[in-house]
Amino acid sequence: MSFERILLVGFMGAGKTSVGRLLAERLGWRFQDFDDVVEERAGRSVAEIFEQDGEDRFRVLEAEVADELLRGHEVVLGSGGGWAAVPGRIEAVPAGTAVVWLRVDAREAVRRASEQPGRRPLLAGPDAVERARILLSGRAAVYRSAPFGVDTDGRSVEDVTARILEVLAESGTPDEPE
Ligand code: S3P
């Protein structure tokens, strides 16, 4: 595989972090998660940043971290669900980046998110599935511009990871012989 980095995109609960960690392990690469780096730098959780400074400020911090991490080599990156939902971002990633959309439906996203309570302010409170549906229906058209896509509903982290490796190996790249 001649990609230098893999960027996982998709909705909250798609498995970007858990799959990203295993994928990096399989490749002998590093894993970095946008949210983790934002939290480390801010010294606060994502939920605290949302609550104290507002979502707009979080988005600024997230964009700064993304620009920096996307310069790394031999790294798997887990983006936050909102970062790749901004039109044009996926198309603008540096050359050598394989962008993979991990697909998940709203119900499953909320089920997975509920396993880590307090981590996702946008899915907090009642009617989370309905809110996830609305958010996801707006975002899916943008996530879809990722060159690679893998379904995650009903699949284990191991299966999804294996499928990503398969899809990327099958893809060939311009500098590989036919
Ligand atoms: C968000 C997704 C979260 C986190 C923040 C906002 C979103 O990351 O960045 O809560 O807008 O979809 P995950 O996708 O890793 O849950």
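Atoms within each ligand, like the ligands themselves, are counted from 1 in listed order. Computed from a predicted model, the values in this text were never measured in an experiment.
- Ligand 1 places these atoms under 4.0 Å from at least one heavy atom of D35: 3 (C), 4 (C), 8 (O), 9 (O), 13 (P), 15 (O).
- With a heavy-atom cut-off of 4.0 Å, L122 touches ligand 1 through its side chain alone.
- R5 contributes a side-chain N or O that, together with a main-chain N or O of L70, makes up a donor-acceptor pair within less than 3.5 Å.
- For residues 134-162, the pairs satisfying salt bridge (Lys or Arg N to Asp or Glu O under 4.0 Å) are R103-D151, with sequence neighbours left out.
- Residues forming a salt bridge (Lys or Arg N to Asp or Glu O under 4.0 Å) with E130 (at least two apart in sequence, or on another chain): R133.
- The V46 neighbourhood of ligand 1 comprises atoms 5 (C), 10 (O), with distances under 4.0 Å to a heavy atom of that residue.
- For ligand 1, the atoms lying closer than 4.0 Å to a non-hydrogen atom of P121 are 10 (O).
- If you look at E55 next to ligand 1, there are no close heavy atoms at all, none under 4.0 Å.
- Atom 7 (C) of ligand 1 has as its closest protein heavy atom G82 N, 3.3 Å.
- The environment of CZ in R107 is sparse: at most 12 heavy-atom neighbours from other residues, nucleotides or ligands sit within 6.0 Å.
- In summary, of the residues considered (R163, K16, E108, R112), a side chain to side chain donor-acceptor pair (under 3.5 Å) with T152 occurs for R112 alone.
- In this structure, F58 has a heavy atom closer than 4.0 Å to ligand 1.
- Listed for the R57 side chain is no donor-acceptor partner under 3.5 Å among the backbone atoms of I49.
- At a 4.0 Å heavy-atom cut-off, ligand 1 touches R139 through the side chain alone.
- For R119, no nitrogen or oxygen atom sits less than 3.5 Å from a nitrogen or oxygen atom of ligand 1, counting backbone and side chain alike.
- When each atom of ligand 1 is checked for a heavy atom of R59 under 4.0 Å away, the hits are 6 (C), 7 (C), 11 (O).
- Summary of contacts: the protein heavy atom closest to atom 16 (O) of ligand 1 is R120 NE, 2.5 Å.
- For the pair T17 and ligand 1, the shortest N or O to N or O distance does not fall below 3.5 Å.
- Remark: the backbone N or O of L102 is not paired with any side-chain donor or acceptor of Y143 at under 3.5 angstrom.
- A donor-acceptor pair is defined here as one N or O able to donate and one able to accept, closer than 3.5 Å; such a pair exists between the side chain of E39 and the backbone of V46.
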